[in-house]
Colleague: 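Just dropping this structure here.
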Amino acid sequence: MKNVLVIGATGQIGSELTLELRKRYSGNIVAGYIPGAEPQGELLESGPSALVDITNDQQIAETVSKYNIDTIYNLAALLSAVAESKPQLAWKIGMGGLFNVLEVAREKNCAVFTPSSIGVFGNNTPKDKTPQDTIRNPRTMYGVTKVSGELLSDYYFIRFGVDTRSVRFPGLISYVTPPGGGTTDYAVDIYYEAVKGNKFVCPIAAGTFMDMMYMPDALHAAIQIMEADPTRLKHRNSFNIAAMSFDPEIIAGNIRKYIPDFKMEYDVDPLRQAIAESWPNSLDDTCAREEWDWEPHYTLDMMTQDMLAKLKARLNK
Ligand code: AKB
């Protein structure tokens, strides 16, 4: 049995991770939400939920005590592009919030998962097959909070023994809850427009490669890392994980295999393009494979077939 608190349970990752955790574990899997983002439908009905604003340490502590929580998934964050327009809020949620979570975890003996991102890397990082341990010098507030979060999480493990673990997520693609304000969002939006029969206007330039992953693999990674044998872990915060790397031309070409008249044109967004260019083309995930047997399942083609089928059903197309 496990008792888990998911903070940010109605967001892009949380809405699916909470349900997956409820399928796997018999204990209380608590959906933590903020006002205006209340759980609905299956998320509301299949388990307990609680108002947990990550900037409110009392709310975190009370929920952890009430449900005897042993593991916290800390999924609250502003994504990269929106964090550039609200850097103070991004820091308050990303770092202030993480500090609250780690303090509660220290006092109440919880394990903590906080996702990191390919956004920890910057212009001086090796671009291809980016190694696990390399230069992390982001120039975005999102990246600054993610690098600082990795360091703070490792500090709490080394100094206080808090069981902190993390993965660096690439762009995540899902047909369930859309992302908001990320640099990799185009790789979700493109499927929606293709299924609706629309032309897609791409904000990222042709030739810009980034790592991406289908959501089922991301959920699997988030659960598998927390279940990993701690004696095998040489790293903790945070592991490179990878599944596929493509540019807009490659994903559009893959969609055309199934929707031959799909059309795409470019209207490059300078902010997102600059962020994308500062990120790696592809990551080396050897350490995750060696230390906790990470292995993705979905290729680009498998993901495209599944995304198109699921979105056609959802959108009645
Ligand atoms: C974003 O684009 O901001 C995120 C990420 C790669 O961390 N999807």
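The model shown is predicted, which means the values in this text are computed figures rather than measured ones. When a ligand or atom number is given, it counts from 1 through the structure's own listing order.
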Colleague: Establish, yes or no, whether the cationic atom of R106 lies under 6.0 Å from the six-membered ring centre of F160 and within 45° of the ring axis.
Modeller: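 Positive - R106 is close enough to the ring of F160 and near enough to its axis.
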
Colleague: What I want to check is whether the side chains of Y214 and T299 have a donor and an acceptor closer together than 3.5 Å.
Modeller: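 Not at all, the side chains of Y214 and T299 share no donor-acceptor pair under 3.5 Å.
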
Colleague: Looking at I204, is its backbone amide N or carbonyl O close enough to the side chain of T208 to form a donor-acceptor pair, meaning the two atoms are under 3.5 Å apart?
Modeller: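 No; judged by distance alone, with no hydrogens or angles, the pair does not exist.
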
Colleague: Taking atom OH of Y67 as the centre, does the number of heavy atoms from other residues, nucleotides or ligands within less than 6.0 Å exceed 12?
Modeller: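 More than 12 heavy atoms, drawn from other residues, nucleotides or ligands, come within 6.0 Å of this atom.
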
Colleague: What residue and atom, counting heavy atoms only, is the protein's closest point to atom 3 (O) of ligand 1, and at what distance?
Modeller: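 Scanning the protein heavy atoms, the shortest distance from atom 3 (O) of ligand 1 goes to S80 OG, 2.6 Å.
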
Colleague: May I ask you to identify the nearest protein heavy atom to atom 2 (O) of ligand 1, giving residue, atom name and distance to one decimal place in Å?
Modeller: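 The closest heavy atom on the protein side is T183 N, 2.7 Å.
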
Colleague: Evaluating non-hydrogen atoms only, which member of P115, A81, A83, S117 is closest to atom 5 (C) of ligand 1?
Modeller: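 Checking each option, the heavy atom nearest atom 5 (C) of ligand 1 is found in S117.
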
Colleague: Would you indicate which of Y142, W279, Y186 comes nearest to atom 6 (C) of ligand 1 when only heavy atoms are counted?
Modeller: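 Residue with the shortest heavy-atom distance to the ligand atom: W279.
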
Colleague: Could you label the plane-to-plane angle of the Y186 and F246 rings as parallel, tilted or perpendicular, counting under 30° as parallel and over 60° as perpendicular?
Modeller: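 The arrangement is perpendicular - the two ring planes meet at more than 60°.
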
Colleague: Is there a heavy atom of L172 sitting under 4.0 angstrom from any atom of ligand 1?
Modeller: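 No; L172 lies far enough from ligand 1 that no heavy-atom distance drops under 4.0 Å.
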
Colleague: Would you mind checking which non-hydrogen protein atom is closest to atom 8 (N) of ligand 1, with the distance to 0.1 Å?
Modeller: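 Sorting protein heavy atoms by distance from atom 8 (N) of ligand 1 puts T184 OG1, 2.9 Å first.
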
Colleague: Can you list the atoms of ligand 1 that are under 4.0 Å from a heavy atom of G182?
Modeller: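 Counting from 1, the qualifying ligand atoms are 1 (C), 2 (O), 3 (O).
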
Colleague: Charged N to carboxylate O under 4.0 angstrom, D261 versus K263?
Modeller: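 Between K263 and D261 there is no salt bridge, as every charged N stays at least 4.0 Å from the carboxylate O atoms.
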
